[in-house]
Amino acid sequence: MRQAPGWQRALAQAITDPADLLAALELDPALLPGARAAAASFPLRVPWSYVKRMRPRDLHDPLLRQVLPIAQEALPAAGYTADPVGDLAAMVVPGVLHKYRGRVLLTVTGACAVHCRYCFRRHYPYHDANPGGDHFAAAFAYLRDRPDVSEVILSGGDPLVLSDRRLADLSTRLADIPHLQRLRIHTRLPVVLPERVTDELLAWLARTRLAPVVVIHANHANEIDAQVVDACRRLAAAGATLLNQSVLLRGVNDDVEALAGLSERLFAAGTLPYYLHLLDRVQGAAHFAVPDQDARALHGALQARLPGYLVPRLVREEYGAPGKTLIPGS
Ligand SMILES: *Cc1c(COP(=O)(O)O)cnc(C)c1O
Ligand code: SF4
C-alpha cells in the first residue's frame, strides 16, 4: 500500500492526551485532573510541530493557552451558549451556511488539526452538518440555483484535513458552476502544520478557474516560524490571495505589542491581516474574553502604530446581521 503523505502522519500523531502535553513542556502534573476534565467535553488536539514553538515550563505561553484544556472551562458564564453565532439557523441544507449576500460557506468536515479552546464550533453538531457522502448533491444543487452567489467558502472544521484528491474533485465541481468566481478556504493548517502545503495542494489551487483566497488563522507572532512563512509564500506563488483572521484572546494577544508583532510577522509571510474577531460567547471560553472597551482601545492604539494595511478590522459576529459587525475604534 502507498504510504500516507507526511502531513497525514503528523496529523494522526498529534498530541491528544493532556499528560503528554504537560510532560513535553515540563509543566506541573497537578494540572492534569483539570485538563482531563475539560478534555472530556472538547478533546485536546495539537500537532507536535506546533508544540515545538511553545516555551517549556511557561503556563502563560500564548500558543499553549490556545490549546491546553483547563478546569476553568467548566465554570458556567452568563450569556455563553452552545451556538453563539446562530449558525444552525443559517443552515439552508446540511453543511451549507448562507448568512451573507453572495457568499456561501460549506462545512466540509468536522475535523481540525488543532482544537482551539475558544472555538465557537466546539459544540457544533457536525454529524448533522457535513455535506459529505450523499449530502454533497444537495449542496451543489443549492449553489447551482443561486446565481447571486459568487463565492464559496470551504470551512469546517478545517477543509485542508481532507485529501488533495477530494479537494481537487470538490474544486472541479465548484468551478463547473458558471456564476461562481472565487473559492475561499478558511484554514488553520498552514499555521499549525505547514507541511500540509504540498505540491499536490498547490497544483489544484493553481489549476482552478476560480480565484483562490486562503484565509489562515494565527493569533500570535510566535505561531509563524520560518516553515510557516515558507508555506504561505508558496500559497501566494500559486496564485492565492492570502489573508489572516485572528481572535482577540485574553492572555494570548490582548496587548499592542503582541498584535503589532503579529501583523508584522504576517506581512513577512506575504499575508495581510483581515479580521480581529471579538470572542464569540461560546460555553467554556469566557476566560478568554476581553471587554469591548479594552478591545476598542487596543485597536485604536494599533491604528496609531501601524500602516493602515497592517491593521485588521475589529469585528464581532452578531446573530441576524447582514455581515460581520465592525466595532468602531476608540
Ligand atoms: C464570516 C462568514 C462569512 C464570510 O464573511 P466575510 O465578511 O466575507 O469574510 C460567510 N459566511 C458565514 C456563515 C460566515 O460566518
Ligand atoms: S482550527 Fe478553527 S474550527 Fe478548528 S478548533 Fe481551531 S478555531 Fe475551531
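All ligand and atom numbering here is 1-based and tracks the order in the structure. Starting from 1, each residue takes its place in the sequence as its number.
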List every atom of ligand 2 that sits less than 4.0 Å from any heavy atom of His217, numbering the atoms from 1 in the order shown and giving each element.
-> 7 (S)
Stepwise, does the side chain to side chain donor-acceptor pair (under 3.5 Å) test hold for Thr109 with Asp158?
-> CA-CA 7 Å; Thr109 173; Asp158 197 311; over 6 Å; no
Check whether any N, O or S atom of His115 sits under 2.8 Å from atom 8 (Fe) of ligand 2.
-> no
Kindly work out whether a path of hydrophobic side-chain contacts (I/L/V/M/F/W/Y, heavy atoms less than 4.5 Å apart) joins Val152 to Leu167.
-> yes
Are any of the heavy atoms in Val114 under 4.0 Å away from ligand 2?
-> yes
Where the closest heavy atom to atom 5 (S) of ligand 2 is concerned, which of Gly110, Cys116, Ala111, Pro159 has it?
-> Cys116
Name each N or O atom in ligand 1 that is under 3.5 Å from a protein N or O, and give the partner atom and the distance.
unit_1	atom_1	unit_2	atom_2	d
ligand 1	7 (O)	Arg103	NH1	3.4
ligand 1	7 (O)	Tyr275	OH	2.6
ligand 1	8 (O)	Arg103	NH1	2.7
ligand 1	8 (O)	Arg184	NH2	2.7
ligand 1	9 (O)	Arg184	NH1	2.8
ligand 1	9 (O)	Arg184	NH2	3.4
ligand 1	9 (O)	Tyr274	OH	2.7
ligand 1	15 (O)	Glu317	OE2	3.2
ligand 1	15 (O)	Lys324	NZ	2.9

Any cation-pi pair here, Arg117 with Phe288, using under 6.0 Å and within 45°?
-> no
Polar side chain donor-acceptor pair, Asp164 to Thr198, under 3.5 angstrom = yes
Going by the ring-ring contact (aromatic ring centres under 6.0 Å, His included) test, which pairs reach into residues 13-48, not counting sequence neighbours?
-> Phe42-His115
Atom 6 (Fe) of ligand 2 contact by Cys112, N, O or S atom under 2.8 Å = no
For ligand 2, which atoms, with element, lie under 4.0 Å from some heavy atom of Arg188?
-> 1 (S)
Is the closest side-chain donor-acceptor distance between His277 and Gln245 under 3.5 Å?
-> yes
Side-chain H-bond candidate by donor/acceptor type, Tyr118 with Asn219, under 3.5 Å | yes
Salt bridge or not for Asp17 and Arg36, using N-O below 4.0 Å?
-> yes
Side-chain H-bond candidate by donor/acceptor type, Glu318 with Thr325, under 3.5 Å = yes
